*Asks:* 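My structure is below; once you've seen it, I'll send some questions.
The sequence lines fix the lettering, A, B, ..., with proteins before strands; numbering per chain opens at 1. Treat the numbers as computed from the prediction; the structure is a model and nothing was measured. Excluded from the calculations below are hydrogen atoms, water molecules and symmetry mates; all remaining heavy atoms, backbone and side chain alike, are included.
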Number of protein chains: 4
Amino acid sequence: MSQQSSKAVEGGSREGERRRTILRAAIDVFARKGYHGCRIADVAREAGVAYGLVYHYFKNKDELLETVFETGWSGFVSRIRAVVEAEGPVGLKVRGITDVAFEAYRVDPRAVKVLIVEIARSPGGHVNRQNAFTDTIRMCAEMFVRAQASGELRPEVDPLLASALLFGSIEMGLTALVLGLVDPSDTEMLERARQQIAGSFLHGVLTQDAAAAEESWKKSAMRSKSAKLL
Amino acid sequence: MSQQSSKAVEGGSREGERRRTILRAAIDVFARKGYHGCRIADVAREAGVAYGLVYHYFKNKDELLETVFETGWSGFVSRIRAVVEAEGPVGLKVRGITDVAFEAYRVDPRAVKVLIVEIARSPGGHVNRQNAFTDTIRMCAEMFVRAQASGELRPEVDPLLASALLFGSIEMGLTALVLGLVDPSDTEMLERARQQIAGSFLHGVLTQDAAAAEESWKKSAMRSKSAKLL
Amino acid sequence: MSQQSSKAVEGGSREGERRRTILRAAIDVFARKGYHGCRIADVAREAGVAYGLVYHYFKNKDELLETVFETGWSGFVSRIRAVVEAEGPVGLKVRGITDVAFEAYRVDPRAVKVLIVEIARSPGGHVNRQNAFTDTIRMCAEMFVRAQASGELRPEVDPLLASALLFGSIEMGLTALVLGLVDPSDTEMLERARQQIAGSFLHGVLTQDAAAAEESWKKSAMRSKSAKLL
Amino acid sequence: MSQQSSKAVEGGSREGERRRTILRAAIDVFARKGYHGCRIADVAREAGVAYGLVYHYFKNKDELLETVFETGWSGFVSRIRAVVEAEGPVGLKVRGITDVAFEAYRVDPRAVKVLIVEIARSPGGHVNRQNAFTDTIRMCAEMFVRAQASGELRPEVDPLLASALLFGSIEMGLTALVLGLVDPSDTEMLERARQQIAGSFLHGVLTQDAAAAEESWKKSAMRSKSAKLL
DNA sequence: CATGAATGAGGTTTCATTCAT
DNA sequence: GATGAATGAAACCTCATTCAT
């Protein structure tokens, strides 16, 4: 009782620890072997716990995977939301969204791999996953609607589709890393990819005025960039 | 379509028919249930053949799925290659690539879904699928290298990444359809999506000159569009 | 196809054979180990078939047990029904019902044990079993209603309860055998038990007239009994 | 009833309370789900105690169930014994036995259900349960032996079998209630059932003289019945 | 070619029991 | 005494694959 309310604020409670250990192990095995190869036995061994304990914390395999997804996704979504709801030009927000994705990749590439390769494209049945994904796209679509109203987005652009395309670009950019098309250890390439994804996208959808504002922003950013990242 | 009715299109013996029936059934089940739910028994039932017959034509489940993938992909790739190797401005080629993808979707949405959703998934390495995918991206990347040499593509754009982003945009555009974000029966929306994907992408990466050439092309295309499509 | 319609009349069809083998094995294991100890693996070994084949013929363990019950019970019920629907005094019918139960015991004591000990008294959830049991009791209750109308059954006797008591007596009589209270190999005792169950019951519920008719029947029966049984 | 509210009825320390709470919960779960569905976790939840506490009071599941059985059964048996060992005609005793069974049902139908439904069931040999049951039958059989010696019971009746049949009738009468064949809330029906079970049985096995004595008893009983019961 | 019964390894899931706190 | 997390053996069930007809 007291364990849940008092200690579970951020990292406490022995129960929470174990649970998280298993979750983390699941992400690992998942990223390594994919949905197929991911046997509960592997997860348990990886987490260093007994077989049955997985079932103490998760109803069954599916719920475990679902939780892996939601855990990973919810953090991502909340960061995206923060960016979307902040003040500022849409160009800055789009760059912010790209940054969130790439930062997540930098922190835990395996988790991102699971999100991208194993779940985001996953089979129909799992309603939650699709909803989480489509909800995020819709959230950004509304951002684009407002950007269109303020004259930043070109009028002939469909906001929903634009949102889908932005995430498509980000996702495939990261997929290129995950699949080894691009060397993931090449940090300079990583940086260029991030720039290009946001840059090309914005070039493609912004109005002349917004693009010009973007341009001036980019130049000032270049000077302070290297300091920020490391 | 023509495959089913005529018997001699491509080695159309009776054997070939059966084989193709099974393959088509596999695509269906695959599209409906994903790699997971796809049991040999389902494929056999869907095809209306006996359980064991699947094993007469395919060594095992993996070979069947591999064949499903290659069959679907090879046609797609060869059409892409034709577009890439033709003469003409890169803008036209990018539109051509988008057209190929959308046309494939129009002909058989389920097959496209399989290609989209199951890429890079399932049994460990399955090199073929990834290779087929990455090879195609590399092919288009070379196209962009040439376009950069001829001054069509902006110099600061990375060709490989550009290629990835193009396919990312196309894929997510189609995924939006597959996921029901966009109504797939709305043909006007389909048309607009196709235009926007290619258009935004090109806006984002082309030089001023190439973009201008694009612009003039687009205007002439608008007049003849409806005739082409049906 | 032809296997089912042409050969399945009584004992034919290879499929039916296997199925029956498994069913019979299930009855054996069931009678020997009870519901608890009855593992699918045991049934398969007893039947001399592979593990998975049990699941080829039966959806799961429960369906197997359900089938064991229905198979055993349906034969029993149809014989009871034949007795109930025949012409004649109610006394004869009651004796007929007792005979059916004891004959079933003589033919396959294990099957009767399963019916009595494992299933007839079984846990709530299984609707079919209870229904089958209560339906049979109701069938005989109607027989008693008619017997009451014709003046054979005493008017103050409740027919439904009488039916329950008849089966209670029969069941406990057989249970006494099953539990070893009475030596099951003592055929004379068996014969006496049968007589007493029907006799005491009838004494208890028949009117004076019907009881007198019974008495005269019993005497004539005694002379021809020993010849019949062996 | 009184067990729960007062703390010193029968070794009523705090420990005893807990133990009894668990036992009572076990009866409940047992009656509701049968031996199968009865998991220790269910018992603990029903009793409102922690998982492990069940193991503090009972060595293992089997001992718990055994205790449930014995607790319920021992009270029943001692009451039966009191009836059997009392002075008086056998007819009165048979009615007394029936009364004990029905009274037990009135006080706690669920406990009776467990006793009825689970007798002779589950884990292989569990000698105790069978013994408790067969011992009781043998005890009454001896009562019938004496009744036969005193000319109350007809000479051709087998005492052991008669005893089995009596309990068979009682059990199935109660089973009819448990299974819902008879409405358990219909107290008049309950009363009639009790009368009929004992009455029919006695009619079936008593000699003329004993039956006549019975008859006169019954008439006098009818007058004072309602007062006795409540 | 065609069939579908038969096989059994491999995975998931349950749950009685233990034990550290 | 009391708790419930932790353990793991043992059962169930699935399904790719084989094979006799």
*Asks:* Check each of C/Thr67, C/Val68, C/Val43, C/Leu53 against C/Phe58 using the side-chain contact (heavy atoms from CB on, under 4.5 Å) test, and report the only one that passes.
*Replies:*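 That would be C/Thr67.
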
*Asks:* Using Watson-Crick or G-U wobble geometry with both distances below 3.5 Å, tell me the partner of E/dA20, or none.
*Replies:*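 Because both required distances fall under 3.5 Å, E/dA20 counts as paired with F/dT3.
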
*Asks:* Among the nucleotides E/dG4, F/dA6, E/dC1, which one has an atom lying closest to any side-chain atom of B/Ala50?
*Replies:*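 The listed nucleotide nearest to B/Ala50's side chain is E/dG4.
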
*Asks:* From C-beta outward on D/Arg18, which listed nucleotide comes closest to its side chain: F/dA2, F/dA16, E/dA2?
*Replies:*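 Among the listed nucleotides, the one closest to the side chain of D/Arg18 is F/dA2.
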
*Asks:* Measuring to OP1 and OP2 of E/dC1, would you say a side-chain N or O of B/His56 lies under 4.0 angstrom away?
*Replies:*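 Result: no.
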
*Asks:* Taking the side chain of C/Tyr51 as heavy atoms from C-beta outward, which of F/dA6, F/dC13, E/dA6 is closest to it?
*Replies:*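 Nearest nucleotide to the side chain: F/dC13.
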
*Asks:* Given E/dT13, E/dT7, F/dC13, identify the nucleotide with an atom nearest to the side chain of A/Asn60.
*Replies:*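 Selected nucleotide (nearest to the side chain): E/dT13.
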
*Asks:* Measure CG/C/Asp62 against C1'/F/dC13 and give the value in whole Å, please.
*Replies:*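 After rounding, the gap between these two atoms is 13 Å.
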
*Asks:* Below 4.5 Å, heavy atoms only, C-beta onward: do A/Arg24 and A/Asp108 meet side chain to side chain?
*Replies:*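 Of all side-chain heavy-atom pairs linking A/Asp108 with A/Arg24, at least one is under 4.5 Å.
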
*Asks:* Report the residue (C/Val49 or D/Ile40) whose heavy-atom-nearest nucleotide on DNA chain E is the more 5′ of the two.
*Replies:*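 Here C/Val49 is the residue nearer the 5' end.
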
*Asks:* Go through E/dT17, F/dT17, E/dT3 for me and flag the one nearest to the B/Leu53 side chain.
*Replies:*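 The answer is E/dT3, which lies nearest to the side chain.
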
*Asks:* Would you call C/Lys33 and C/Glu46 a salt bridge, using N to O less than 4.0 angstrom?
*Replies:*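 Salt bridge between C/Lys33 and C/Glu46, a charged N being under 4.0 Å from a carboxylate O: no.
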
*Asks:* Whole-Å distance between E/dA5 P and C/Phe58 CZ?
*Replies:*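 My rounded result for the distance is 13 Å.
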
*Asks:* Would you please confirm or rule out a distance under 4.0 Å between OP1 or OP2 of E/dA2 and any side-chain N or O of B/Tyr57?
*Replies:*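 So the side chain of B/Tyr57 is within the cut-off, an N or O lying under 4.0 Å from OP1 or OP2 of E/dA2.
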
*Asks:* Rounding to a whole Å, what distance do you find between C/Arg45:CZ and E/dA6:P?
*Replies:*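 Spelled out: CZ on C/Arg45 to P on E/dA6 is 19 Å.
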
*Asks:* So which nucleotide from F/dA16, E/dC15, E/dG4 ends up closest to the side chain of B/Lys61?
*Replies:*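 Nearest to the side-chain atoms of B/Lys61, counting from C-beta on, is F/dA16.
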
*Asks:* Quick one: on DNA chain F, does A/Val54 or B/Cys38 contact a more 5' nucleotide (nearest heavy atom)?
*Replies:*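 With A/Val54 and B/Cys38 compared, the 5'-side residue is A/Val54.
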
*Asks:* Out of curiosity, D/Glu66 CD to D/Thr71 OG1, how far, rounded to the nearest 0.5 Å?
*Replies:*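 Spacing of CD (D/Glu66) from OG1 (D/Thr71) equals 10.0 Å.
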
*Asks:* Counting only Watson-Crick or G-U wobble pairs whose two distances fall under 3.5 Å, which nucleotide matches F/dC13?
*Replies:*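 Check on F/dC13: paired to E/dG10, both distances under 3.5 Å.
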
*Asks:* For DNA chain E, whose closest nucleotide is more 5', that of B/Gly48 or that of D/Lys59?
*Replies:*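 Its nearest nucleotide being more 5', the pick is B/Gly48.
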
*Asks:* Take the protein atom CG of B/Asp42 and the nucleotide atom P of F/dT14, then report the distance between them rounded to whole Å.
*Replies:*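 Distance, rounded to whole Å: 13 Å.
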
*Asks:* Do the non-hydrogen side-chain atoms of A/Ile40 and A/Tyr55 ever get within less than 4.5 Å of each other?
*Replies:*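 Yes - at least one pair of side-chain heavy atoms lies under 4.5 Å apart.
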
*Asks:* Specify the separation, in whole Å, of atom OH of C/Tyr55 and atom C1' of E/dT12.
*Replies:*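 After rounding, the gap between these two atoms is 12 Å.
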
